[in-house]
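Report on one structure; see the data block that follows.
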Amino acid sequence: MEPIEIGLWVSGFMLVAVLLGMRVAFAAGTAGLVGLTWIFWNKFGYDPSRFLKAVTIAVKTAGQVPHAKVSSQALSLIPTFILIGYLAYYAGLTKALFEAAKRWVAWLPGGLAVATIFATAGFAAVSGASVATAAVFARIAIPEMLKIGYDKRFAAGVVAAGGTLASMIPPSAILVIYAIIVEQDVGKLLLAGFVPGMFSAVVYAILIMGLALVIPSFGPRVTGFTWKQRFMAIPPAFPIFFVVFIIIVFIYNPFGGDAWGTPTEGGALGAFVVFLMAVYRGMRWTEFKDALLETAKLSAMIFTIIWGVLIYVRFLGFADLPHAFSNWITGLEQSPMLTLIYILLAYAVLGMFMDAIGMLLLTLPVVYPAVMALNGGEFVSAADSAFGMSGPMCAIWFGILVVKMAEFCLITPPIGLNCFVVAGVRPDLSVQDVFRGVTPFFVADAVTIGLLIAFPWIVLWLPSMA
Amino acid sequence: TEWNVSVWGKRRAFTEHIEKLNELITAKTNGGFTLNISYGGLSNAKENLDGISIGAFEMAQICAGYHADKNPTLTVLELPFIGVNNLAEEVAVSNAVYKHPAAVKDLERWNAMLLMPSPMPQYNLVGIGEPRDTLEKMNGMRVRATGGIGQAFKTVGAVPTSVTATEAYNAMESGVVDSVAFAQHAHLAYRTVDIGTWWSSNLNPGTVNCPVVMNKDAYEALSDAERDALNSSIDESIAHYIAVYGEVYKKWDTVLAEKGVTTVTYAPEEIAKFKAAAADPIRDEWIAKMDGQGIPGQELYDTVMSALEAARK
Amino acid sequence: MAGSAAVLEDGSTLSRLDVGLHRIEKILALISGLAVFALMVLAVISVGGRNAFNAPLPGYVDWIEQAMPLIAFLGIAYTQRDGGHIRMDILVGKLQGRALWLAELVTAVFTLILMLLLVWGTWEHFARSFDFGSPLWSRDSTIDIGLPLWPSKLLAPVAFAILSVRMLLQIWGYARAVALGLSEPVAVPLVMSAAAQAAEEAEHVSSLDKGDN
Ligand code: NA
Ligand code: NA
């Protein structure tokens with residue numbers, strides 16, 4: 001049998017295992033191990049006496065993956081950014097931010113939901129992990145929305161969708177991981193995420209206001225805050241702006257001369273400042289311990305998927321599937337734009353069954369070079385390119401599109417991490433409830449992605465000035 | 001026979017000898033023996049020796065300095081200021097060490113055999129700010145340099161700073177490091193030359209040694225014709241590699257001119273001073289360390305020196 | 001909290017083993033969390049040392065790479081205990097009684113087989129980097145400052161072995177539920193039943209009534 005055929009069979013097997021309720025990480029790992037065994041035994045001509053040898057090589061090959069792949073500086077951002085989310089919660093920063101957002105915008109139709117979106121967007125400027133953002137706001141925003149009569153599914157959906165913003169608005173673990181996989185300038189990519197992230201937030205807010213105007217039973221507006229109350233709410237939210245300020249100053253150094261460090265270090269430094277604030281605000285060992293345990297749990301969940309998926313990716317490498325796929329994509333005789341749209345649609349489908357980081361690790365090594373080739377190569381000028389932008393700009397634009405797809409992946413059923421996390425915080429909500437509540441936001445995300453494709457300058461004007 | 005070959009990154013000058021090898025042996029055996037070269041699909045760079053040992057693939061490229069304890073004998077080739085001046089000399093010293101019984105035994109622990117080197121030029125600095133054109137000015141310089149080269153810079157007061165190759169550009173842009181030591185192709189690939197202002201053209205502190213290795217059982221299982229095809233193609237593959245690398249040198253000079261990067265040429269006295277500070281102490285320390293493990297360090301070092309002398313005749 | 005479900009306890013041997021193992025799992029998870037914290041502190045020390053004293057932390061990247069396996073592996077069984085590793089439960093969620101436990105049993109058995117094989121595979125990976133005859137027992141080291149890699153490679157088989165024990169307990173729990181036709185077995189994560197869910201919702205609403213609004 002051809003290795004590629006084996007690749008397709010095993011991929012089918014993995015899908016069935018996932019559908020039957022096997023944990024995604026273990027389904028991917030099992031598929032990878034079965035596939036590797038198959039590949040090696042195929043190489044031995046299916047000689048029964050060499051089956052055990054094939055198993056041995058497969059197991060040893062798979063056994064390298066977990067340690068080799070998680071020992072990575074790039075991935076170290078994920079747990080750090082998760083921890084910062086919990087620490088900010090215990091420091092009362094998120095609560096203050098939500099309160100301020102509430103007083104300023106909750107008079108709008110769907111006010112509290114709009115406030116939640118803007119609060120998550122603000123928090124996204126400190127947090128680089130979507131799951132942690134969703135987990136924290138599930139505790140703060142959902143109770144308040146339920147109190148004034150929101151549908152609980154929709155309230156959960158708002159938080160799950162708002163949480164995704166943390167991956168686009170800098171800092172962002174996913175953007176950094178993209179930059180490192182494709183070897184592009186991290187600083188520029190992070191900068192590029194700012195406008196599309198805010199843009200996404202506005203699209204979410206418009207959607208909520210529209211729904212609130214159409215559906216009479218929607219949660220009521222919250223009015224009656226005086227201007228004094230509004231301004232009073234700002235000082236408690238200062239610490240969060242202070243942390244944002246520190247990160248920006250650290251990375252971009254507006255005072256001239258060299259910056260003080262890399263974006264990676266900026267994120268860690270921000271986390272440390274938040275930790276100090278939490279201690280100052282009276283965080284005790286029990287709370288700190290809870291923050292650590294919850295960080296450990298989310299990290300274990302994400303990293304298990306990462307190495308599980310990468311065992312499967314290793315098998316795909318031996319089956320030579322990436323190579324075949326890349327040849328196929330670049331050989332298609334249709335407009336590059338249509339191919340790009342197909343690729344993004346494929347991401348939407350794949351994202352249903354994958355977690356965001358696993359999906360990027362699985363696809364980018366193949367898809368990124370193919371997309372760059374579609375545009376005319378790494379060093380193409382804007383004039384000669386297919387998408388009307390130079391090679392480096394295309395790398396940024398595609399990165400933002402992919403990260404938006406990754407955010408989408410966090411809320412699409414059946415495997416949408418943010419929805420799982422929100423349901424985990426709220427025992428009264430099942431995962432299916434959250435998925436139902438988040439559905440309207442699919443429309444918002446589709447609109448955002450469409451606009452980012454149609455008007456690339458939304459993404460590119462900021463980084464092109466830098 | 002089809003061999004899987006694990007390399008990493010993209011196809012580039014650094015992998016051209018393997019591509020050429022495939023071309024040659026495929027032609028010589030009429031397609032009976034081919035290499036299936038995978039760029040990153042089969043293993044991480046640092047786990048290539050593990051993959052060879054397991055038998056997951058038959059051939060791979062490794063870099064000694066990525067995992068010194070996996071291949072202590074090969075790190076003799078990464079000592080600072082050995083005095084290698086060009087790629088041909090690098091090939092000569094590498095081959096001499098690869099044939100040494102201690103190195104053969106070292107690689108046998110991984111069920112591996114050394115096939116051929118991937119000769120790399122001396123690492124040199126691309127830096128930002130005022131050119132550090134004397135040793136004195138290197139005092140306090142934060143430099144991205146690993147292994148023996150990093151140690152060497154430390155002896156003149158520079159501060160070796162860990163950043164990954166992929167983060168090198170950002171690290172330099174953000175002032176985390178003042179300079180980065182790479183071979184030319186890596187300065188181009190990781191774009192350090194895009195923001196650098198100076199280039200240490202003749203400092204030549206040392207390099208990284210990256211052989212191509214094979215699984216021993218797979219090699220022994222080849223037919224005589226296949227083995228002949230393989231062995232007889234090595235020299236031509238290396239010659240091709242050196243020719244391709246010549247293009248990199250040419251491109252390098254153009255890029256330096258285009259980007260307005262200052263070429264720093266160190267005075268012979270400066271280099272002699274650097275060598276005196278770095279070469280001897282680090283070598284002595286290395287030999288002592290090898291002796292502690294029962295590896296004939298002095299002998300390996302002498303092998304390098306006599307090969308170098310022979311290559312210059 | 002990430003997708004956690006209830007795990008019931010009683011005085012049976014199985015339940016006591018479950019609780020005992022959970023204690024160990026929790027300690028390991030806490031170590032994992034502390035490693036995350038250490039990572040953050042390490043970054044601050046590195047940045048501070050570099051900017052204030054021109055003395056960057058030697059081997060900063062090497063240390064990060066050493067810490068990552070602690071974070072990635074040590075919490076794995078703790079997370080599995082209450083069903084925290086994500087999965088698609090649309091189909092399984094429709095099952096009830098014996099059919100449900102049987103489905104859970106099958107995927108748990110496959111998971112156990114996978115983990116046992118990976119204990120073997122990751123142990124081999126560790127063993128290749130370990131050598132009693134070498135200094136620091138090291139046959140594989142980090143790139144910058146030459147830290148031995150075997151301790152961090154050893155974490156994988158250790159954590160996977162503990163997960164295998166966890167899987168054994170869950171298999172026992174599910175098998176018992178299949179055999180005895182239990183509705184609420186101990187020592188396994190329970191997908192909340194519709195009734196229990198409704199009850200909890202009612203409780204939530206009433207607690208809101210009593211609340212401060
Ligand atoms: Na963010
Ligand atoms: Na999804």
Side-chain angles (χ1 to χ4, degrees), chain B residues 43-47 49-54 56 63-72 75 78 106 109-111 139-151 154 157-168 171 174-178 208 286 288-295, chain C residues 39 42-69 72 117-154 156-157:
Chain B
S43 176
N44 279 10
K46 288 191 229 170
E47 271 73 35
L49 260 185
D50 295 78
I52 289 285
S53 146
I54 291 167
C63 284
Y66 287 6
H67 34 56
D69 285 358
K70 276 182 181 169
N71 40 233
T75 55
E78 300 187 351
D106 196 10
R109 303 187 301 168
W110 300 94
N111 199 22
N139 193 15
M141 170 181 75
R142 290 193 296 262
V143 57
R144 190 264 177 208
T146 54
I149 303 171
Q151 278 178 294
K154 216 167 161 180
V159 187
T161 304
S162 320
V163 287
T164 55
T166 40
E167 258 200 322
S174 59
V176 169
V177 297
D178 304 308
V208 174
W286 182 85
K289 196 175 156 200
M290 291 302 122
D291 287 345
Q293 301 178 45
I295 293 169
Chain C
L39 215 59
L42 205 64
V44 174
I45 294 176
S46 164
V47 169
R50 188 181 67 230
N51 286 321
F53 311 107
N54 198 25
L57 196 61
Y60 173 49
V61 175
D62 292 18
W63 285 110
I64 291 180
E65 290 180 358
Q66 293 282 67
M68 286 304 290
L117 289 172
L118 285 179
V119 168
W120 171 21
T122 52
W123 173 266
E124 290 286 339
H125 192 56
F126 153 75
R128 280 192 302 274
S129 69
F130 185 86
D131 181 358
F132 263 122
S134 298
L136 300 173
W137 300 339
S138 172
R139 230 176 92 182
D140 191 8
S141 48
T142 62
I143 185 165
D144 264 0
I145 54 171
L147 298 172
L149 276 168
W150 63 263
S152 80
K153 287 188 179 176
L154 183 58

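Any value given below was found using the heavy atoms of this structure, including those in side chains, with hydrogens, waters and symmetry copies removed. Letters go in sequence order (proteins before strands), and every chain restarts at 1.
Proximity to chain C is absent for every atom of B/Q151, based on heavy atoms less than 4.5 angstrom apart. Only the side chain of B/K46 comes within contact range of chain C, with at least one heavy atom under 4.5 Å from a heavy atom of that chain. Looking at B/L49, neither its backbone nor its side chain comes within 4.5 Å of chain C, counting heavy atoms on both sides. Residue C/D131 touches chain B through its side chain alone, counting heavy-atom pairs closer than 4.5 Å.
For the options C/V47, C/T142, C/V61, heavy-atom pairs under 4.5 Å to chain B are most numerous at C/V61.
Between C/K153 and C/R128 the shortest side-chain heavy-atom distance does not fall below 4.5 Å. Residues C/M68 and C/L39 form a side-chain contact, since some pair of their non-hydrogen atoms from C-beta on lies under 4.5 Å apart.
Distance alone, capped at 3.5 Å, is enough to place a donor-acceptor pair between the C/Q66 side chain and the C/P148 backbone.
Ring orientation note: the planes of C/W150 and C/F126 are nearly perpendicular, at an angle over 60° on the 30°/60° scale.
For B/W110, the CH2 atom is densely surrounded, since the number of other residues' heavy atoms within 6.0 Å is greater than 12.
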